[in-house]
Amino acid sequence: MIHTAGTKDNMIANNLTPFVSTHPGEVIKDEIEARSITQRQLSDVTGISYTVVNEVLNGKRPVTIEYALLIGKALDIDASFLINMQSDYDMQMAHRNKTLTARLDNMRKIAAVL
């Protein structure tokens, strides 16, 4: 049966979640390692504190627009690529949050009544 309006929870496409979420910090970390650039050097060039750079590269802090612009410029990487990657990562993490998922499911039930 084809449904033309709304989404159905039993549809395979609605239940697919990538196996591994990749934080953009991992890509940046791989990039600086490939170029033999240290975290300290990246920090110095971008003006982002070493602690923040380290936390971003280890997935403990998100890549903000400011960080994406600075790091992107320093490494000649498109900042929008890093922001989109962060957004995708955040969405995947939100879908894995059981509390949020329960709230969303409850909202669907309420919206169906309206």
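In this chain, residues are counted from 1 in sequence order.
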Report summary line: The complete set of side-chain hydrogen bond (donor to acceptor under 3.5 Å, both in side chains) pairs with one or both residues in residues 39-49, sequence neighbours excluded, reads Thr38-Gln41, Gln39-Asn54
Requested in this report: Ignoring hydrogens and angles, tell me if any N or O in the side chain of Asn106 forms a donor-acceptor pair with the backbone of Ala102 under 3.5 Å.
Outcome: no
Query raised in the report: Is there a chain of hydrophobic side chains (I, L, V, M, F, W, Y, each step under 4.5 Å between heavy atoms) that links Ile32 to Val45?
Result: no
Report summary line: When rounded to the nearest 0.5 Å, the distance separating CD1 of Ile28 from NE2 of His23 is 8.0 Å
Query raised in the report: Rounded to the nearest 0.5 Å, what separation is found between the OG1 atom of Thr51 and the CD atom of Glu55?
Result: 6.5 Å
Report summary line: Minimal heavy-atom distance between Ala68 and Ala79, with the atoms involved, is O-CB, 3.5 Å
Report summary line: CG of Leu42 to CG of Leu57, rounded to nearest 0.5 Å, is 6.5 Å
Query raised in the report: Given side chains that start at C-beta, do those of Tyr67 and Val56 come closer than 4.5 Å, heavy atoms only?
Result: yes
Query raised in the report: Between Glu26 and Ser21, what is the shortest heavy-atom contact and its length?
Result: OE2-O, 4.3 Å
Query raised in the report: How close do Asn97 and Leu100 get, heavy atom to heavy atom, and via which atoms?
Result: OD1-N, 2.9 Å
**Report entry** Ile77-Ile83 co-clustered via ILVMFWY side chain contacts under 4.5 Å
**Finding:** no
Query - Over 12 foreign heavy atoms within 6.0 Å of CG, Asp76 - result: no
Query raised in the report: Does a side-chain heavy-atom distance below 4.5 Å link Arg96 with Met93?
Result: yes
Query - Non-hydrogen side-chain atoms of Val27 and Met85 separated by less than 4.5 Å - result: yes
Query raised in the report: Is the backbone N or O of Lys60 less than 3.5 Å from a side-chain atom of Asn58, with the two atoms forming a donor-acceptor pair by type?
Result: no
Query raised in the report: Going by heavy atoms in the side chains, are Gln86 and Leu82 under 4.5 Å from each other?
Result: no
Query raised in the report: Can you hop from Leu70 to Phe81 via hydrophobic side chains spaced under 4.5 Å?
Result: yes
**Report entry** Heavy-atom side-chain proximity of Arg35 to Leu75 below 4.5 angstrom
**Finding:** yes
